[in-house]
Amino acid sequence: MSAPTSDFLRVLTERGFIHQLSDLAGIDALAHEGRLTTYVGYDCTAPSLHVGHLLSIMMLHWLQETGAGKPIVLMGGGTTRVGDPSGRDETRRILSLDDIEANKQGIRQVFARFLRFGDAGRDALMADNAEWLAPLNYIEFLRDVGRHFSVNRMMSMDSVKLRLDREHELSFIEFNYMLLQSYDFVELHRRYGVRMQMGGSDQWGNIVNGIDLGRRMGTGQLYGLTAPLMTTASGAKMGKTAAGALWLNADQLAPYGYWQFWRNVDDADVGRFLKLFTRLPMDEIRRLEALSGQEINEAKKALASAATMLLHGEEAARLAARTAEQTFEQGVIAADLPSVDCPRADLEAGLAIGPAIILAGLAASNGEVRRAISNGAISVNDERVADDKRVLGTGDLSEGGVVKLSFGKKRHVLLRAV
RNA sequence: GGGGGAAUGUCCCGAGCGGCAAAGGGGGCGGACUGUAAAUCCGCUGGCUUAGCCUUCGUAGGUUCGAGUCCUACUUCCCCCA
């Protein structure tokens, strides 16, 4: 691809955000003039977004930062009632309207950390497609939008084909998702002059359909840009760990856990992630990714702190870094580790190790705890537990009135006597 | 509408003569080695009050001392015919 002239595309290219774009020159020109009003849509299927969404959030961030255009965050209040089949092989559970509304509220808060909202020209704006999708009239929609879609072509789209090939059910309601998403694009153009849609590479088909529908419905030329599918160096899809999804909301995943996630990335991912998920300047990143061997841990810490700072703020990032240092480098019990309250009376009466570990959220059943103990995975106050009959008492409390429970070397929880 | 095939361990794929808590992968978790990395090796990967008991093979019944396995009905998917 020839070199872009706009800051926006230059930054995105340089930092590795671009997988596919519909028309480099067209996008570049609009970005150059600062008229590239762009939207990204987010489902409201969970109470928080997770790391997988971060990529597109960062793209919106750079859009605003480079002055390329107005970022629009589209909440899928309407489309979530239908369910996007892209990248899934299971029928999505239909959420109640209340759930969707609650999820929407949860998701909202994250964007304020990455975007500047307001009424001025390039201030970010948040929209909800329930606003125009909910009142749609079926007959009119079929007539105005439906007629532009070819079932033949829809059948050949990856999201549909995958379901068909794997012999999984694809309900009619989900089959319609791409019509709605395409229509969103058109509607956003009409309302806010949106010119481009961004998303993950799995959204390419939906985006292209939107561009197409726009042409047929008279929006003029629309554009699309997708980011590469985020995988780790080992090929795993990013966003989930044993502890659950890597949520962005602090009440779902504490800053410490978030920091730990970035601290533990694969060596091979450090440079790429620094570019994608932090705002560190490129020459600093080049210096960090040149580190090798033991030294690359410096780069990982920088990544963890920079990424955590972006999402949770400077103070939270500093605290997480300190907690990690105390826990992993100094071997002392850091007061800020995740903690769970435990009635003092339980400890006085003697609390068996199994229920204690479960209470701490480190395991799901006694059986799992027992197996973990036989694997040498469980520690109390950094002392390996050998006997699954081990009972915790007040004698295990350290000065701070806590017992440190560990599952493996990395997952630590403090049991706080209250 | 007719005919044939399929559904397995609630992550995925996938074996399974009527004695099955159910082979084997992948993935995940833990241990060793390291650097809170990767690779490698080893262990674990239904629940419980664990010499035992309970719940699991699409759903509901049935046959049998005993059913993932056989029979019937239903649900969903695939293929062929119309």
Exercise for review: Evaluate the side chain to side chain contact (heavy atoms under 4.5 Å, CB included) criterion for residues A/Met58 and A/Phe17: first the C-alpha distance (whole Å), next the side-chain angles of each, then the deciding distance (0.1 Å), finally the verdict.
Suggested key: CA-CA 9 Å; A/Met58 288 304 290; A/Phe17 280 96; 3.7 Å; yes
Check your understanding: In this structure, which one of A/Glu295, A/Glu329, A/Glu325 forms a salt bridge (charged side-chain N to carboxylate O under 4.0 Å, His left out) with A/Lys301?
Key -> A/Glu329
Study note, to complete from the structure: Of A/Phe407 and A/Ile296, the one whose closest nucleotide on RNA chain B sits nearer the 5' end is A/Phe407
Practice item. Give the nucleotide from the list B/U36, B/G35, B/C29 with an atom nearest to the side chain of A/Lys300. Key: B/G35
In a table with atom names and distances, give each donor-acceptor pair under 3.5 Å that connects a side chain of residues 383-396 of chain A to protein atoms at least two apart or in another chain.
| residue | atom | partner | partner atom | Å |
| --- | --- | --- | --- | --- |
| A/Arg384 | NE | A/Gly376 | O | 3.3 |
| A/Asp387 | OD1 | A/Lys389 | N | 2.8 |
| A/Arg390 | NH1 | A/Asp396 | OD2 | 3.3 |
| A/Arg390 | NH2 | A/Asp396 | OD1 | 3.3 |
| A/Asp396 | OD2 | A/Gly393 | N | 3.0 |

Study note, to complete from the structure: Checking N1-N3 plus N6-O4 or O6-N4 for Watson-Crick, or N1-O2 and O6-N3 for wobble, each under 3.5 Å, the partner of B/U72 is B/A60
Check your understanding: Which value, in whole Å, describes the distance between the C1' atoms of nucleotides B/G47 and B/C79?
Key -> 40 Å
Practice item. Would you kindly compare A/Ala324 and A/Ser374 by the position of their nearest RNA chain B nucleotide and give the one closer to the 5′ end? Key: A/Ala324
Check your understanding: For atom C1', what is the distance between B/G24 and B/G18, given to the nearest Å?
Key -> 23 Å
Check your understanding: So A/Glu65 and A/Arg279, side chain to side chain contact (heavy atoms under 4.5 Å, CB included) or not? Walk me through it.
Key -> CA-CA 11 Å; A/Glu65 195 72 7; A/Arg279 287 170 40 89; 3.1 Å; yes
**Study point:** Whether A/His50 and A/His53 hold their rings parallel, tilted or perpendicular, with breakpoints at 30° and 60°
**Key:** tilted
Review point. On a whole-Å scale, what distance lies between the P atoms belonging to B/C70 and B/C81?
Key: 29 Å
Practice item. Describe the nucleic acid contact of A/Glu329 in one word from base, sugar-phosphate, nothing, applying a heavy-atom distance below 4.0 Å. Key: nothing
Practice item. If a protein heavy atom is under 4.0 Å from the base, mark B; if only from the sugar-phosphate, S; if neither, -; do that for nucleotides 44-50 of chain B going 5' to 3'. Key: SS-SSSB
Review point. How are the rings of A/Tyr39 and A/Phe185 set to each other: parallel, tilted or perpendicular (split at 30° and 60°)?
Key: perpendicular
Contact list (N/O, under 3.5 angstrom) for nucleotides 51-57 of chain B vs protein:
none

Check your understanding: Testing A/Ile107, A/Ile100, A/Thr80 for side-chain contact (heavy atoms from CB on, under 4.5 Å) with A/Asp43, which one passes?
Key -> A/Thr80
Check your understanding: Is B/C54 in the syn range, within 90° of 0, or in the anti range?
Key -> anti
Check your understanding: Which whole number of Å gives the distance between the P atom of B/G25 and that of B/A60?
Key -> 32 Å
Study note, to complete from the structure: A/Gln294 has its side chain closest, among B/G35, B/G31, B/A37, to B/G35
